[in-house]
Each structure stands twice: as C-alpha cells, then as structure tokens.
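Right, one structure below, let's go through it.
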Amino acid sequence: MELLRVSSRTDARKLGKALYQVLRKNGGKAVLQAVGAGAINQAVKGVAVARGLAAPEGADLKTVPGLTRIEMDGIEKTAVQLHVFWR
C-alpha cells in the first residue's frame with residue numbers, strides 16, 4: 001500500500017486526485033497519514049474528492065481509520081491513518 005502524508009496545508013482537491021490515481025494504479029489500496037486536526041480535515045476532504053472521481057466508474061471507496069505512533073523531529077506523536085480501499 002502506498003502512503004500519502006497529509007498536512008494542514010495540503011490542497012484537498014490535489015490530494016483527492018492523487019489518491020484516485022494511486023488507488024487505480026495500486027490495486028485499490030492506499031493509506032493517508034495525518035497529524036493534527038487541520039491535516040485530518042484535509043485528509044477527509046481528499047477522500048471525498050477521490051470518491052467523487054471514482055463514482056462515474058461505478059466504484060465507491062471504503063475508508064478504515066486507525067492510529068499509529070510516528071517520530072517527528074525526534075518527538076513521538078500519534079498519527080491518524082485512513083486506509084482507503086477501492087470497492
């Protein structure tokens with residue numbers, strides 16, 4: 001599965017388009033990873049955009065949220081991961 005990192009400054013439309021392309025290319029599986037409320041907001045909006053792009057093909061997306069521990073600048077933080085699947 002390909003990992004896409006999301007920040008609060010990520011453009012949700014560009015993320016959605018990139019997620020759509022990754023899902024089509026990689027067998028319908030991808031992971032979005034975000035730290036912080038703003039980044040999580042952009043990640044969710046990106047999934048919504050990708051879902052809209054997949055709909056004309058008769059496809060839908062399934063998203064399963066999870067948590068993981070990551071290290072940023074030497075500090076351990078909790079990140080939200082959105083596992084996205086093409087259905």
Side-chain angles (χ1 to χ4, degrees):
M1 264 192 265
E2 188 159 337
L3 177 69
L4 300 171
R5 291 192 175 102
V6 183
S7 81
S8 60
R9 294 181 300 248
T10 299
D11 184 306
R13 289 174 303 207
K14 289 182 182 178
L15 174 62
K17 290 175 186 176
L19 176 59
Y20 172 75
Q21 292 299 324
V22 166
L23 289 169
R24 293 198 73 215
K25 181 181 80 171
N26 291 343
K29 298 176 185 177
V31 178
L32 300 179
Q33 183 172 283
V35 176
I40 295 166
N41 180 50
Q42 294 306 98
V44 170
K45 289 193 290 188
V47 171
V49 170
R51 186 170 184 240
L53 293 171
E57 297 181 35
D60 198 3
L61 303 182
K62 177 182 177 184
T63 305
V64 179
L67 299 173
T68 189
R69 300 292 287 171
I70 62 169
E71 188 173 315
M72 291 176 62
D73 301 324
I75 300 169
E76 194 171 291
K77 296 187 177 202
T78 301
V80 171
Q81 287 189 334
L82 299 176
H83 297 261
V84 184
F85 303 93
W86 185 280
R87 296 181 28 183

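None of these values were measured; they are calculated from a predicted model. Side chains are part of it too, since the values below use all heavy atoms of this structure and drop only hydrogens, waters and symmetry mates.
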Less than 3.5 Å apart, which donor and acceptor atoms pair up between the side chains of residues 80-87 and the rest of the protein, not counting sequence neighbours?
from, atom 1, to, atom 2, distance (Å)
Gln81, OE1, His83, NE2, 3.4
Gln81, NE2, Gln33, OE1, 2.9

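Both Val44 and Leu23 belong to a single network of hydrophobic side chains, linked directly or stepwise wherever heavy atoms of I, L, V, M, F, W or Y lie under 4.5 Å apart. A single hydrophobic cluster is seen to contain both Ile40 and Leu67, as judged by linkage of ILVMFWY side chains at heavy-atom distances under 4.5 Å, directly or through other members.
Contacts of Arg5 classified as salt bridge (charged side-chain N to carboxylate O under 4.0 Å, His left out), with partners at least two apart in sequence or in another chain: none.
Going from atom NZ of Lys77 over to atom CE of Met72 covers 5.0 Å, rounded to the nearest 0.5 Å. Interatomic distance, CZ of Arg13 versus CD of Gln42, reported as 10.0 Å (0.5 Å rounding).
When all heavy atoms of Gly16 and Leu53 are compared, the closest pair comes out as O-CD1, 4.0 Å. Counting all heavy atoms, side chain and backbone alike, Gly46 lies closest to Leu19 at O-CD2, 4.3 Å. When all heavy atoms of Leu61 and Ala54 are compared, the pair lying nearest together is CD2-CB, 4.4 Å. Val6 and Ala43 make their closest contact through CG1-N, 3.9 Å (heavy atoms, listed as atom of the first residue, atom of the second, distance).
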Begin from the C-alpha positions of Val49 and Leu15 and carry the test side-chain contact (heavy atoms from CB on, under 4.5 Å) through to its verdict. CA-CA 8 Å; Val49 170; Leu15 174 62; over 6 Å; no
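At least one side-chain heavy atom of Thr78 sits less than 4.5 Å from a side-chain heavy atom of Arg69. Between Val31 and Leu4 the shortest side-chain heavy-atom distance does not fall below 4.5 Å.
Within the structure, the salt bridge (charged side-chain N to carboxylate O under 4.0 Å, His left out) test picks out the following pairs touching residues 46-64 (sequence neighbours left out): Arg24-Glu57, Arg51-Asp60.
Between the side chain of Thr10 and the backbone N or O of Ala12 there is no donor-acceptor pair closer than 3.5 Å. Between the Asn26 side chain and the Lys29 main chain, no donor and acceptor come within less than 3.5 Å of each other.
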